[in-house]
Number of protein chains: 2
Amino acid sequence: MRADARKNRDHLLAIARSTVLEQGAQASLRDIARRAEVGLGTLYRHFPTREALLEALLRADFDTLACRADELAQAGDPARSLVTWLHEAIAVTHGFSGAIALMVAAIADEGSALHASCVTLRAAGTRLLRRAQEDGVARRDIDGNDLFALISALAWLADQPPLVPRADHLFDVIADAILPGRPGTPHAGGAPGGSAVQPR
Amino acid sequence: MRADARKNRDHLLAIARSTVLEQGAQASLRDIARRAEVGLGTLYRHFPTREALLEALLRADFDTLACRADELAQAGDPARSLVTWLHEAIAVTHGFSGAIALMVAAIADEGSALHASCVTLRAAGTRLLRRAQEDGVARRDIDGNDLFALISALAWLADQPPLVPRADHLFDVIADAILPGRPGTPHAGGAPGGSAVQPR
DNA sequence: TTGAAAACCGGAGCACTGCTCCGAATTAAA
DNA sequence: TTTAATTCGGAGCAGTGCTCCGGTTTTCAA
């Protein structure tokens, strides 16, 4: 790759990152090119599709996440490892609003630029889930696809501004659903007909 | 309202319904007007914003849903009632892909055309949830907002084509999370270190 | 150093979008 | 039938994604 091309590419990526963080995954590509002080053609040559651009932005994070899964799979409590990883997985896509839908679409579309990254991510999650299941702490009727879907749903939720205040709490609720064998608080509540004390 | 106006309005609604079912909530308004064989100005006069149009499409369903909640709150097992209603709530938005995000945005925006409908919907869910909590079968640390968020997340999930096959199953998982006191199957699995039989 | 091919750049241009605005046509009341 | 209020339809504006190609820059062999 020619020196000027490499420079343009890198600069474009940096500008794209900040623009997407600011405006979401559906930011205007023309606008990104303008901010990068580069022709529209240049942007499209380096990243033929919007997906390709997002792929470049997310790939590194995804790979890191896959490594983290292996790291967490080595040491410590399986349930705790899984929960920690789920948190990190959701945090990665946070701020890239709109990217989650593309991710979900990509995992079913082998032609997509994001496909490989998503498959890697799902595999990493599956490993952690399996370990927790073998430990008897996670539901047995869930597989890697389900986990991927739940992560997506939680990430989507965390990107809807009105739902943000609820996101952490709902994460716990769903984590409880995945890990019913985990030592935790019994949430069901007292006897039927008991006092109807509302939390919060 | 003048006779020709009423006729145009009704026709526009019918065409909009089928178009949105076919193309999602972000269907081109120009296209809807074209299909209805009506000028673009006519569409915009009847429905000044895309939200107003969707509101008109969804309002009846939402009201029905609110009534259903009251109906279900009268008779039968609280847990069963809640689950049934959740199913119906998610079914309503199914097919209107993209509408869920607008709904979520609308509940925080009092100026939105969808706002009132969403608030009604949330209130209906809250009533059913409260009853289940008083019955000691639902988690006590969840409120109407949480329920609304979970419904949204499940509806979103059910509208992502690659996740559709998982949607029903994940509904059950999350229902279990909301209703841990419900008579059901123990999903946690056997003893630690036991056989690692994968379902499916 | 020079020359020319290969690689890259930028933006004009096309078809589309949401949305506004206003002259022309239609309706309903006087 | 006249007349005034309502409604109609689409031209027009600014934005979008994406393609295409003439001109410029870099690279490297001669």
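We name chains A, B, ... by the order of the sequence lines, and we start the count at 1 in each one. Please read all numbers here as calculations on a predicted model, not as lab measurements.
- Within the 4.0 angstrom heavy-atom criterion, no nucleotide atom of any strand lies near B/Ala36.
- Rounded to an integer number of Å, the gap from B/Leu43 CG to C/dC21 C1' is 16 Å.
- Rounded to an integer number of Å, the gap from CZ of A/Phe47 to C1' of D/dG17 is 17 Å.
- Ion pair B/Arg68/B/Glu71 flagged as a salt bridge, since at least one NZ, NE, NH1 or NH2 atom sits closer than 4.0 Å to an Asp/Glu carboxylate oxygen.
- Base contact: A/Thr42 has a heavy atom under 4.0 Å from a base atom.
- B/Glu22 CD: more than 12 foreign heavy atoms inside a 6.0 Å radius.
- Atom C1' of nucleotide D/dG9 and atom CG of B/Asp4 are separated by 13 Å, given to the nearest angstrom.
- When the side-chain nitrogen and oxygen atoms of A/Ser28 are compared with OP1 and OP2 of D/dG15, none of them lie within a distance under 4.0 Å.
- Atom OH in A/Tyr44 sits about 4 Å away from atom P in D/dC18, given to the nearest Å.
- Side-chain atoms of A/Arg2 and base atoms of D/dT25 include a donor and an acceptor less than 3.5 Å apart.
- OP1 or OP2 of C/dC9 lies within a sub-4.0 Å distance of a side-chain N or O belonging to A/Asn8.
- Taking the nucleotide of DNA chain C with the nearest heavy atom to each of A/Glu37 and B/Thr49, the more 5' of the two is matched to A/Glu37.
- No more than 12 heavy atoms of other residues, nucleotides or ligands shown are found within 6.0 angstrom of CZ on A/Arg80.
- Within 3.5 Å, a donor on the side chain of A/Arg30 pairs with an acceptor on the base of C/dG13, or the reverse.
- A pairwise comparison of heavy atoms in A/Leu121 and A/Phe62 identifies CD1-O, 4.0 Å as the closest pair.
- Between the side chain of A/Arg17 and the backbone N or O of A/Leu57 there is at least one donor-acceptor pair closer than 3.5 Å.
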CA sep, side-chain torsions, deciding dist, call: B/Ile174, A/Ile174, side chain to side chain contact (heavy atoms under 4.5 Å, CB included): CA-CA 7 Å; B/Ile174 289 178; A/Ile174 290 178; 4.1 Å; yes

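- Close to D/dC8, at under 4.0 Å from its OP1 or OP2, lies a side-chain N or O of B/His46.
- B/Gln23 has its CD atom 13 Å from the P atom of C/dC16, to the nearest Å.
- Closest approach to the A/Ala5 side chain among D/dC18, C/dT17, C/dC8 is made by C/dC8 (side chain taken as heavy atoms from C-beta onward).
- Using a 4.0 Å heavy-atom distance criterion, B/Arg45 is classed as a base contact.
- Computed from coordinates, the B/His11 NE2 to D/dG9 P distance equals 12 Å when rounded to whole Å.
- Residues B/Leu29 and A/Arg9 both approach DNA chain C. Their nearest nucleotides, taken by heavy-atom distance, put A/Arg9 toward the 5′ side.
- Protein atom CG of B/Leu40 is 15 Å distant from nucleotide atom P of D/dG12, rounded to whole Å.
- Distance CD1 (B/Ile32) to C1' (D/dG9): 17 Å, rounded to an integer number of Å.
- Among the atoms of the strands shown, only primed sugar atoms or phosphate atoms (P, OP1, OP2) are found under 4.0 Å from some heavy atom of A/Arg34.
- Residue contacts shown for B/Ala33 are absent, as no nucleic acid heavy atom lies under 4.0 Å away.
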